[in-house]
Amino acid sequence: MIKRMRYILIISAIVALGFGLSIYADTTSQHVSKKVMPAQKKNGYYEINLKMGGSLKDMYIQNSSIFEGEPPVETAPTSDIGVRIDRPNIPMSEDKLIKLQLQDQQGRTLFNIDHIRDLMITSDRNHFKEGITDIDFSYVCSDRSEIGMEEMYQCFNGFVSNLKENGWRNYFPLMDARIKRKDTVNPKLKDINTGVDVFYFDNFDKWKDYYKDIENIRDIWLLEKNGIVLIFSKDVAAIDTAFSVQLLTQFSRYYYRYDIDEDIRAKEWKKYLQKDLQKWKNERNFDEEKVKRLGFEIDESYQDTPLKFAQ
């Protein structure tokens with residue numbers, strides 16, 4: 001149902017922030033090391049408390065046994081790429097024993113999730129007031145690389161149930177048709193730009209009927225809460241079985257989509273965004289009219305979260 005290539009292009013531009021530009025990143029554990037005390041576990045897990053949009057200084061203070069070295073110094077903006085990546089100081093052999101307690105910038109709970117690995121926290125030294133802009137991790141289902149469909153579903157359902165209990169909703173990008181969620185898996189709408197409803201799969205039979213087997217699980221699922229977008233999909237490169245998860249603030253979703261010189265982007269990106277907002281509105285209207293002509297309803301109750309910087 002989802003136009004996978006479209007989402008891959010959008011997401012790839014954002015992921016470049018963390019991966020393609022990582023050669024510029026200040027990986028603290030490599031540059032600040034003095035005498036480091038081993039990270040301390042609590043109830044069998046390395047508990048990490050983070051805030052999307054929160055400051056790195058607070059992150060280091062609140063998780064002093066997890067992040068190595070001194071809190072980062074906030075510096076003045078430059079024309080250079082300012083991407084910074086922080087990782088927890090945890091033994092590789094225990095990387096899957098992370099329990100992440102995540103809040104938004106106002107301190108509202110986003111989720112509490114354990115059994116995650118490869119945690120990566122991204123910020124931008126040129127925009128330190130934006131705090132933590134991206135969080136990436138893998139949600140581990142099994143140490144085995146091959147598991148059955150039902151076990152895969154139980155892992156998926158456990159993750160999605162956690163998000164649902166914490167108030168997450170399906171997310172429609174600004175250019176996507178707001179199709180009634182029960183219709184997102186209808187083959188008649190396969191050419192419409194929209195995502196598959198993650199909450200549709202509330203039992204194993206629906207999951208198996210739609211995906212048939214594990215090789216067909218290629219969707220990218222999108223959710224949103226309080227302006228934070230969560231993107232997840234099956235991790236096809238993992239040696240175990242896991243889902244890749246990325247969380248993005250509004251700033252990260254829109255600022256980094258413009259692949260231009262940093263000094264120009266910092267001055268002009270909001271002008272580019274205003275043009276795109278109108279373009280996306282037109283694309284959504286076009287697709288939604290097509291959906292109506294096909295005899296389906298639009299979810300008028302879905303309203304986009306206002307963009308704080310696009311007023």
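Numbers here simply count residues along the sequence, with the first being 1.
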Query raised in the report: Can T194 and D176 be counted as having a side-chain donor-acceptor contact under 3.5 angstrom?
Result: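 Checked: T194/D176 side chains show no N/O donor-acceptor pair below 3.5 Å.
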Query raised in the report: Cut-off 3.5 Å, side chains only: do Y254 and D276 have a donor facing an acceptor?
Result: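 Side-chain D/A pair, Y254 to D276: absent.
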Taking every non-hydrogen atom, the tightest pair across [X] and [Y]:
{"X": "L56", "Y": "S123", "result": "CD1-OG, 3.1 Å"}
{"X": "F137", "Y": "L247", "result": "CE2-CD1, 3.7 Å"}
{"X": "I214", "Y": "I147", "result": "CD1-O, 2.9 Å"}
{"X": "T249", "Y": "M52", "result": "CG2-CE, 3.6 Å"}
{"X": "N112", "Y": "L102", "result": "OD1-N, 4.2 Å"}
{"X": "K292", "Y": "I298", "result": "CE-CG1, 3.7 Å"}

Taking the side chain as every heavy atom from C-beta outward, state whether [X] and [Y] have any pair of such atoms under 4.5 Å apart.
{"X": "T122", "Y": "V83", "result": "yes"}
{"X": "I217", "Y": "E215", "result": "no"}
{"X": "D124", "Y": "Y256", "result": "yes"}
{"X": "E47", "Y": "K99", "result": "yes"}
{"X": "N63", "Y": "N49", "result": "yes"}
{"X": "E130", "Y": "Y255", "result": "no"}
{"X": "Q101", "Y": "F111", "result": "no"}
{"X": "L189", "Y": "I179", "result": "yes"}

Interatomic distance, [X] atom [atom1] to [Y] atom [atom2] [nearest 0.5 angstrom]:
{"X": "Q246", "Y": "L230", "atom1": "CD", "atom2": "CG", "value": "9.0 Å"}
{"X": "L97", "Y": "Y46", "atom1": "CG", "atom2": "OH", "value": "7.0 Å"}
{"X": "K129", "Y": "S55", "atom1": "NZ", "atom2": "OG", "value": "13.0 Å"}
{"X": "T184", "Y": "D299", "atom1": "OG1", "atom2": "CG", "value": "11.0 Å"}
{"X": "D86", "Y": "Y60", "atom1": "CG", "atom2": "OH", "value": "3.5 Å"}
{"X": "I90", "Y": "L119", "atom1": "CD1", "atom2": "CG", "value": "7.5 Å"}

Using modelled atom types and a 3.5 Å cut-off, is there a donor and acceptor pairing between side-chain atoms of [X] and backbone atoms of [Y]?
{"X": "W168", "Y": "L110", "value": "yes"}
{"X": "R87", "Y": "D118", "value": "no"}
{"X": "K225", "Y": "N166", "value": "yes"}
{"X": "D134", "Y": "I121", "value": "no"}
{"X": "R284", "Y": "P173", "value": "yes"}
{"X": "S161", "Y": "N157", "value": "yes"}
{"X": "R178", "Y": "Y302", "value": "yes"}
{"X": "Q105", "Y": "G53", "value": "yes"}
{"X": "Q250", "Y": "P306", "value": "yes"}

Report task. Take C141 and E151 through the side-chain contact (heavy atoms from CB on, under 4.5 Å) test and state the conclusion after the steps. Result -> CA-CA 8 Å; C141 301; E151 189 175 352; over 6 Å; no
Query raised in the report: Taking everything shown except E297 itself, do over 12 heavy atoms lie less than 6.0 Å from its CD?
Result: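 Atom CD in E297 is not packed in, count stays at 12 or less.
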Report task. Would you indicate whether Q106, at its atom CD, is surrounded by more than 12 heavy atoms from other residues, nucleotides or ligands within a distance under 6.0 Å? Result ->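 Yes, because the 6.0 Å sphere around CD of Q106 holds more than 12 heavy atoms from other groups.
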**Report entry** salt bridge (Lys or Arg N to Asp or Glu O under 4.0 Å), paired with E268, selected from K271, R265, K270
**Finding:**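 Exactly one option meets the salt bridge (Lys or Arg N to Asp or Glu O under 4.0 Å) with E268, and it is K271.
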Query raised in the report: Just one of Y153, Y211, F159 clears the ring-ring contact (aromatic ring centres under 6.0 Å, His included) bar with F201, so which one?
Result: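 Single ring-ring contact (aromatic ring centres under 6.0 Å, His included) partner of F201 among Y153, Y211, F159: Y211.
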For [X], give me all partners under side chain to side chain donor-acceptor pair (under 3.5 Å), at least two apart in sequence or on another chain.
{"X": "D240", "value": "K96, R117"}
{"X": "T305", "value": "R169, E224"}
{"X": "K281", "value": "none"}

Query raised in the report: Please walk me through it: do L248 and I231 pass side-chain contact (heavy atoms from CB on, under 4.5 Å)?
Result: CA-CA 8 Å; L248 307 163; I231 304 165; 3.6 Å; yes
Is there a path of hydrophobic side-chain contacts, each under 4.5 Å between heavy atoms of I/L/V/M/F/W/Y residues, joining [Y] to [X]?
{"X": "I48", "Y": "I61", "answer": "no"}
{"X": "V140", "Y": "F243", "answer": "no"}
{"X": "I264", "Y": "L273", "answer": "yes"}

Do [Y] and [X] meet the salt-bridge criterion of a basic N to acidic O distance under 4.0 Å?
{"X": "E300", "Y": "K180", "result": "no"}
{"X": "E283", "Y": "K290", "result": "no"}
{"X": "E94", "Y": "K41", "result": "yes"}

Query - Pairing residues for E150 by the salt bridge (Lys or Arg N to Asp or Glu O under 4.0 Å) criterion, not counting sequence neighbours - result: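 Once residues adjacent in sequence are excluded, E150 has no partner under the salt bridge (Lys or Arg N to Asp or Glu O under 4.0 Å) criterion.
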Query raised in the report: Can you list the residues that meet the salt bridge (Lys or Arg N to Asp or Glu O under 4.0 Å) rule with D104, with sequence neighbours excluded?
Result: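 Salt bridge (Lys or Arg N to Asp or Glu O under 4.0 Å) list for D104, sorted by chain: R108.
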Requested in this report: Under the side-chain contact (heavy atoms from CB on, under 4.5 Å) rule, what do D219 and Y210 come out as? Steps first, then yes or no, please.
Outcome: CA-CA 11 Å; D219 281 322; Y210 185 74; 3.7 Å; yes
Query - Close aromatic pair by centroid cut-off 6.0 Å: Y139 and F232 - result: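 No, too far apart.
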**Report entry** Centroid separation W221 to F156 less than 6.0 Å
**Finding:**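 Ring centroids of W221 and F156 are less than 6.0 Å from each other.
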Requested in this report: Kindly indicate, with the supporting measurements, whether the criterion side-chain contact (heavy atoms from CB on, under 4.5 Å) is fulfilled by K182 and Y200.
Outcome: CA-CA 7 Å; K182 64 182 177 60; Y200 168 78; 5.7 Å; no
Query - Inter- and intrachain pairs under salt bridge (Lys or Arg N to Asp or Glu O under 4.0 Å), touching residues 204-214, at least two apart - result: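 The answer is D202-K206.
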**Report entry** Candidate pair N285 and E289, rule side chain to side chain donor-acceptor pair (under 3.5 Å), full reasoning
**Finding:** CA-CA 6 Å; N285 288 341; E289 287 302 315; over 6 Å; no
